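Below you'll find the structure, written out as structure tokens, and then a few comments.
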Amino acid sequence: MAAAPVAFVTSPDGRAALVGPDVSDCGPADVVASAAQGLDAAADVRFVWWAATYDAAPLAARGVPVARCWDVAEAHRLLVGGWEAGAQLAWATAYGLDRAGLPRAARGDLFDTLTPDDADTASGVVRRDGYLRAVAGTASWCPDDEELLAWGQAALDCAARQASALADVGPRAISTAQSESAAAFLCLELARDGLPLDRATAEKLIGEAAGPRPVDDADARRIRAERDRAVLKHVPGREHTDLRNPLQVKDLLAAVGVSVPNTRKWVLEPYRESHAVVGALLDWRKAERIATTYGYGWLDAQVGPDDRLRGGWTASDGAAGRMTAQNGLHNLPTDLRPAVAAHPGHVFVRADLGQIEPRVLAAVSGDANLAAATRADDLYAPVASTLGVERPVAKVAVLAAMYGQRSGAAGEALKGLERAYPVAMRYLDAAYAAGLRREPLRTYGGRLVRLDAVLTDAAPENAAAYDAARGRFARNAVVQGSAAELFKAWAATVRATTRDLGARIVLCLHDELLLHVPEPAAQEARARLVTALQDSARRWTGSTQVRFVVDASVVRRWSEAKE
DNA sequence: CGGTGAACGTA
DNA sequence: CGTACGTTCACCGA
């Protein structure tokens, strides 16, 4: 950490502490946040906190740009995998303490007298047995100034230990921890700023799918019954079928001669012509989805009076450490995307990474042949030519290799991949094998992917299927997880390099970024976003052998065709 | 009332 | 559908 680490931590009673080489400050959160803001602007510092969600909220609220940070929780998740990353656990891990001995929070009952004294501390927050006090950082903690300052010092100590451990993990792990930390702070900004929406268009699109806005509950029931009737009119005598009950739907379909194992869309799709009820049901499902999940209730609850859609964001949820978002931000139906529109005076810069996963595979596996293929705008073109097959066949084969597809006719092309890209294929095979053996893996950036706690409870007759599923999971995780790290490194760079233009990232979608930009700055923001990808990719891979491509365009609506 | 599976939206 | 996630619904068992 070249920049000087400075802790910024908060307490549940609205105070904060700033602790560093030249600062030791404690007081009301807004006052200390103001001091932190000055430090962020004037000095080369890296803020350290236990977790952005808790500690950095005052900084996000007042719009402090936070150039550099270290998020102990994110670094911990990177180091040991999984989601659990409380301060006590991160500290114990960093200091090599047995997690079985973690102090439990006082429960206010007889058990409290049986546990070591939580208040017996060497400093204000570290116990004599080396663990952090269990109460520290919890909602019921009321630290005095000395304790809050010690809490900040503990975060600094913990971060230093983590950095040392990550340095042993691999050459990119510290840099990954830094960009994951930046992503965690970005999550606060995303939650704060929201996604700009055009409410009138949203109302119109919802109306087209779900009908007019109900005036009361009776009206809502009437509209709902009307929607059901469009399906049930095709099956006289079965008008009382509950379309929301899959078993009843299955029975209904069987009665009209459509026998299916389940009623999923891709199972029913081939039967569209068999009976009119099938098509009606599939159309009903689509409308019902919008009516229930992305309807008026959603609009009223999740879109603020400032016409922005807000939800919670996490920086590294899930097995492979992808970002996640709530309230529909990550799964808004494409039909509704015209409603995502830049606000007056602004435009969107929309950018998505092209073919990111096979390009990431080339980087993480170190396959020189596949790296050569990444120099093409369309990676599948040189692969197809090398394999002597049509492009669609090459694409299916590459995806099959990465994800372990079992169906389909990729067989012959897969053998070609083995010959043409042996290094990449061996890398994937090794991940698959580790999955079978339940052995942990690390992504390219160093995130631990644990396989000892996933798909373990198979009955003996299902053991082989579970093993194979775990193998596919592992093979996918090293590619998807590494791609997520590159994406976050890119997003962190874009955030930093376009801020002075007034640009704000308003959506992250795995391989796609949406920037809300003052109109005059649009082209400059677009150019910087492209540069940011080349810079992050070069830093990430340590070379220019693997090329990453981005399609970036200036649009008014998210749905607009790329220019 | 909480947990589970079906279903389906996105990448 | 290959993997991943979030949300809603009906059902199940307490």
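We name chains A, B, ... by the order of the sequence lines, and we start the count at 1 in each one. Note: hydrogens, waters and symmetry copies are ignored here, and every other heavy atom, side chains too, is used. Predicted, not measured: the structure shown is a model, and the values here were computed from it.
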Next on the checklist: Any side-chain N or O of Arg472(A) below 4.0 angstrom from OP1/OP2 of dG2(C)?
Outcome noted: no
Where the side chain of [X] is defined as all heavy atoms beyond and including C-beta, which of [options] is the nearest nucleotide?
| X | options | answer |
| --- | --- | --- |
| Thr334(A) | dT3(C), dA7(B), dT10(B) | dT10(B) |
| Arg244(A) | dC9(C), dT8(C), dA11(B) | dC9(C) |
| Thr293(A) | dA6(B), dT7(C), dA11(B) | dT7(C) |
| Asn476(A) | dC11(C), dT8(C), dT3(C) | dT3(C) |
| Asp511(A) | dA4(C), dA11(B), dG9(B) | dA11(B) |
| Asp317(A) | dC9(C), dG6(C), dT7(C) | dG6(C) |
| Thr324(A) | dC5(C), dA7(B), dA11(B) | dC5(C) |

Checklist entry - Are the ring centres of Tyr444(A) and Trp540(A) closer than 6.0 Å? => result yes
Next on the checklist: Would you say the rings of Trp313(A) and His330(A) are close, in the sense that their centroids are separated by under 6.0 Å?
Outcome noted: yes
Next on the checklist: At a heavy-atom distance below 4.0 Å, what parts of residues 477-492 of chain A sit against DNA chain C?
Outcome noted: Gln480(A)
Below 4.0 angstrom, N of the basic side chain to O of the carboxylate: do [X] and [Y] qualify?
| X | Y | result |
| --- | --- | --- |
| Lys265(A) | Glu269(A) | no |
| Asp198(A) | Arg557(A) | yes |
| Arg77(A) | Asp71(A) | no |

Spacing of [X] atom [atom1] relative to [N] atom [atom2], expressed in whole Å:
| X | N | atom1 | atom2 | result |
| --- | --- | --- | --- | --- |
| Asn327(A) | dC5(C) | CG | C1' | 14 Å |
| His330(A) | dA4(C) | NE2 | P | 17 Å |
| Arg264(A) | dA6(B) | CZ | P | 6 Å |
| Tyr294(A) | dG6(C) | OH | P | 12 Å |
| Asp242(A) | dA10(C) | CG | P | 6 Å |
| Lys265(A) | dA7(B) | NZ | C1' | 10 Å |
| His510(A) | dT3(C) | NE2 | C1' | 11 Å |
| Trp284(A) | dG9(B) | CH2 | P | 12 Å |

Item to check | Pairwise 5' ranking along DNA chain C for Trp266(A) and Asn331(A), keeping only the more 5' one | outcome: Trp266(A)
Checklist entry - For Asn262(A) and Thr292(A), take the nucleotide of DNA chain C holding the closest heavy atom to each; which residue's nucleotide lies nearer the 5' end? => result Asn262(A)
Checklist entry - Would you say the side chain of Phe348(A) lies within less than 4.5 Å of the side chain of Val517(A), judging by non-hydrogen atoms? => result no
Checklist entry - Side-chain contact, heavy-atom cut-off 4.5 Å: Leu282(A) with Arg272(A)? => result yes
Checklist entry - Any chance CD of Glu239(A) has more than 12 other-residue heavy atoms, nucleotides or ligands included, within less than 6.0 Å? => result yes
Checklist entry - Got more than 12 heavy atoms from elsewhere within 6.0 Å of CZ, Arg450(A)? => result no
Report which part of the nucleic acid [X] touches: base, sugar-phosphate, or nothing (heavy-atom distance under 4.0 Å, all strands).
| X | value |
| --- | --- |
| Arg470(A) | nothing |
| Leu329(A) | nothing |
| Arg289(A) | base |
| Ala319(A) | sugar-phosphate |

Checklist entry - Can Leu190(A) and Met323(A) be said to form a side chain to side chain contact (heavy atoms under 4.5 Å, CB included), step by step? => result CA-CA 12 Å; Leu190(A) 287 162; Met323(A) 294 177 81; 4.1 Å; yes
Item to check | Positions of residues 214-234 of chain A (non-hydrogen atom under 4.0 Å from DNA chain B), listed by number | outcome: none
Name each donor-acceptor pair under 3.5 Å that joins a side chain in residues 509-516 of chain A to protein atoms two or more places apart or in another chain, with its distance.
from      : atom 1 : to        : atom 2 : distance (Å)
Glu512(A) : OE2    : Arg350(A) : NE     : 3.2
Glu512(A) : OE2    : Trp558(A) : NE1    : 2.9
His516(A) : NE2    : His343(A) : N      : 3.1

Checklist entry - Expressed as a whole number of Å, how far does the P atom of dG2(C) sit from that of dT4(B)? => result 25 Å
